[in-house]
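Please read all numbers here as calculations on a predicted model, not as lab measurements.
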Amino acid sequence: MSNWQLIETNEEELISTVIETFTQLYQNYFIHEELVNHNLPIEIRAFRQMDNWFIFLLLTPWTLARLFIPNQDPNIEIPTGWTAQERVNMPIIVIGPAVFLSILGGKERAHLNYTPRLGHYLIQPLIQSMAEFNQPDEAFAAWNAVITTRNKVIEEQKKKCEWQQEVSRREFFAKLRRRSELK
């Protein structure tokens with residue numbers, strides 16, 4: 001057991017609890033901050049369940065982030081100072097310590113966080129300055145553009161790698177043989 005505090009909930013209750021929790025965080029910590037875009041709401045999109053995680057995008061006036069909320073112990077070590085008992089009366093920390101999680105056969109880096117209502121969860125900040133966005137759709141479109149560019153680069157790199165690997169042993173040795181014949 002890794003001492004994760006989990007909440008038992010269903011999808012609908014979790015969405016409501018996340019919105020309520022981050023609305024309260026906004027009102028308690030961010031409402032008077034100048035670098036926060038007070039025109040943006042708190043909104044969830046792309047909600048899904050994968051492996052043992054609820055995963056979704058969370059838009060707030062201060063960030064666009066991906067959240068990972070476990071529905072069972074993820075067996076990720078809780079760093080010193082981050083147990084529920086240690087965090088319950090501490091001030092909010094927007095980005096906690098970095099941890100790695102295994103999901104869909106890969107590793108993701110995210111930051112541990114804790115609130116009494118959500119328990120332990122992980123957050124990946126995606127866009128940290130919301131100043132340029134007038135509406136939620138603009139922020140999500142900006143993130144979609146990042147994903148589209150990333151996918152295009154990955155595809156181009158894959159093509160390059162495949163092309164480099166298409167040279168067969170016969171072709172390789174044929175070139176060497178031709179060179180030796182020319183000498």
Side-chain angles (χ1 to χ4, degrees), residues 4-72 74 76 91-159:
W4 277 66
Q5 179 183 330
L6 306 173
I7 59 169
E8 290 188 30
T9 188
N10 62 41
E11 185 176 316
E12 188 176 308
E13 289 173 354
L14 178 60
I15 290 170
S16 177
T17 301
V18 168
I19 290 173
E20 290 169 10
T21 299
F22 279 85
T23 298
Q24 184 178 11
L25 290 174
Y26 172 69
Q27 292 169 348
N28 292 344
Y29 297 100
F30 295 103
I31 199 158
H32 299 293
E33 292 292 323
E34 290 181 23
L35 298 176
V36 170
N37 186 340
H38 301 285
N39 296 319
L40 293 176
I42 294 170
E43 187 174 309
I44 290 175
R45 292 195 188 175
F47 191 98
R48 62 201 178 280
Q49 187 171 356
M50 289 184 167
D51 297 335
N52 299 318
W53 298 92
F54 294 107
I55 305 169
F56 52 91
L57 298 178
L58 175 68
L59 174 71
T60 69
W62 62 94
T63 192
L64 176 64
R66 179 179 295 120
L67 266 66
F68 299 84
I69 298 181
N71 60 17
Q72 61 182 316
I76 297 172
I92 184 77
I93 294 179
V94 176
I95 298 181
V99 299
F100 290 92
L101 70 141
S102 296
I103 192 161
L104 293 176
K107 288 230 181 248
E108 289 285 331
R109 180 182 170 173
H111 298 272
L112 182 65
N113 272 301
Y114 172 83
T115 68
R117 291 193 69 202
L118 294 176
H120 288 99
Y121 62 95
L122 300 176
I123 187 168
Q124 283 181 328
L126 304 174
I127 301 175
Q128 296 182 29
S129 174
M130 305 307 291
E132 67 186 81
F133 306 114
N134 296 313
Q135 299 175 17
D137 286 344
E138 293 174 5
F140 288 107
W143 179 244
N144 284 337
V146 168
I147 295 298
T148 300
T149 301
R150 181 198 69 184
N151 290 344
K152 182 179 177 186
V153 168
I154 288 171
E155 187 62 31
E156 287 172 357
Q157 288 176 347
K158 182 179 175 186
K159 285 180 183 175

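- Less than 6.0 angstrom separates the ring centroid of Tyr26 from the ring centroid of His38.
- Between Ile95 and Pro125, the shortest heavy-atom contact is CD1-CG, 3.5 Å.
- With hydrogens and angles disregarded, a donor-acceptor distance shorter than 3.5 Å links the side chain of Trp4 to the backbone of Ile76.
- Contact check for Asn39 versus Pro61: no side-chain heavy atoms found under the 4.5 Å cut-off.
- With hydrogens and angles disregarded, a donor-acceptor distance shorter than 3.5 Å links the side chain of Asn10 to the backbone of Glu12.
- For the atom pair CD1 (Ile103) and CG (Asn52), the distance works out to 8.5 Å, reported to the nearest 0.5 Å.
- Atom CG of Asn37 sits about 12.0 Å away from atom OG1 of Thr63, to the nearest 0.5 Å.
- The backbone N or O of Thr9 sits nowhere less than 3.5 Å from a side-chain atom of Glu13 that would complete a donor-acceptor pair.
- Sparse packing is recorded around CG of Leu35, with 12 or fewer heavy atoms of other residues, nucleotides or ligands lying under 6.0 Å away.
- Counting heavy atoms from C-beta on, the side chains of Gln27 and Thr23 come closer than 4.5 Å.
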*Output, in order, the C-alpha distance, side-chain angles, deciding distance and verdict of side-chain contact (heavy atoms from CB on, under 4.5 Å) for Glu11 and Phe56.*
CA-CA 11 Å; Glu11 185 176 316; Phe56 52 91; over 6 Å; no

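- Proximity of a side-chain donor or acceptor of His120 to a complementary backbone N or O of Gln5 within less than 3.5 Å is detected.
- Considering CD1 of Ile55 and CD of Gln49, their distance stands at 9.0 Å, rounded to 0.5 Å.
- Nearest approach of Pro70 to Leu6, heavy atoms of both residues: CG-CD2, 3.4 Å.
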*Should Asn113 and Leu118 be marked as a side-chain contact (heavy atoms from CB on, under 4.5 Å) after you check the CA-CA gap, both sets of side-chain angles, and the distance that decides it?*
CA-CA 9 Å; Asn113 272 301; Leu118 294 176; over 6 Å; no

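- Between the CG atom in Leu64 and the CG atom in Leu58 there is a gap of 8.0 Å [rounded to 0.5 Å].
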_Test side-chain contact (heavy atoms from CB on, under 4.5 Å) applied to Thr21 and Tyr121, step by step_ = CA-CA 13 Å; Thr21 299; Tyr121 62 95; over 6 Å; no

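- In this structure, CD1 in Ile69 is found 9.0 Å from OG1 in Thr17, a value given to the nearest 0.5 Å.
- Checking each of His111, Arg109, Glu108 against Gln124 for a side chain to side chain donor-acceptor pair (under 3.5 Å) leaves exactly one that passes, namely Glu108.
- By the 30° and 60° cut-offs, the orientation of the rings of Phe30 relative to Trp62 is parallel.
- With rounding to the nearest 0.5 angstrom, the CZ atom of Phe140 is 4.5 Å from the CG atom of Leu59.
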*Please step through side-chain contact (heavy atoms from CB on, under 4.5 Å) for the pair Glu155 and Asn151, ending with a clear verdict.*
CA-CA 6 Å; Glu155 187 62 31; Asn151 290 344; over 6 Å; no

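- Other residues, nucleotides and ligands contribute over 12 non-hydrogen atoms within 6.0 Å of the CZ atom of Arg48.
- Looking at every heavy atom in both residues, Arg45 comes nearest to Asp137 through NH2-OD1, 2.6 Å.
- Annotation for Leu122 and Ala110: closest pair CB-CB, 3.7 Å, computed over non-hydrogen atoms.
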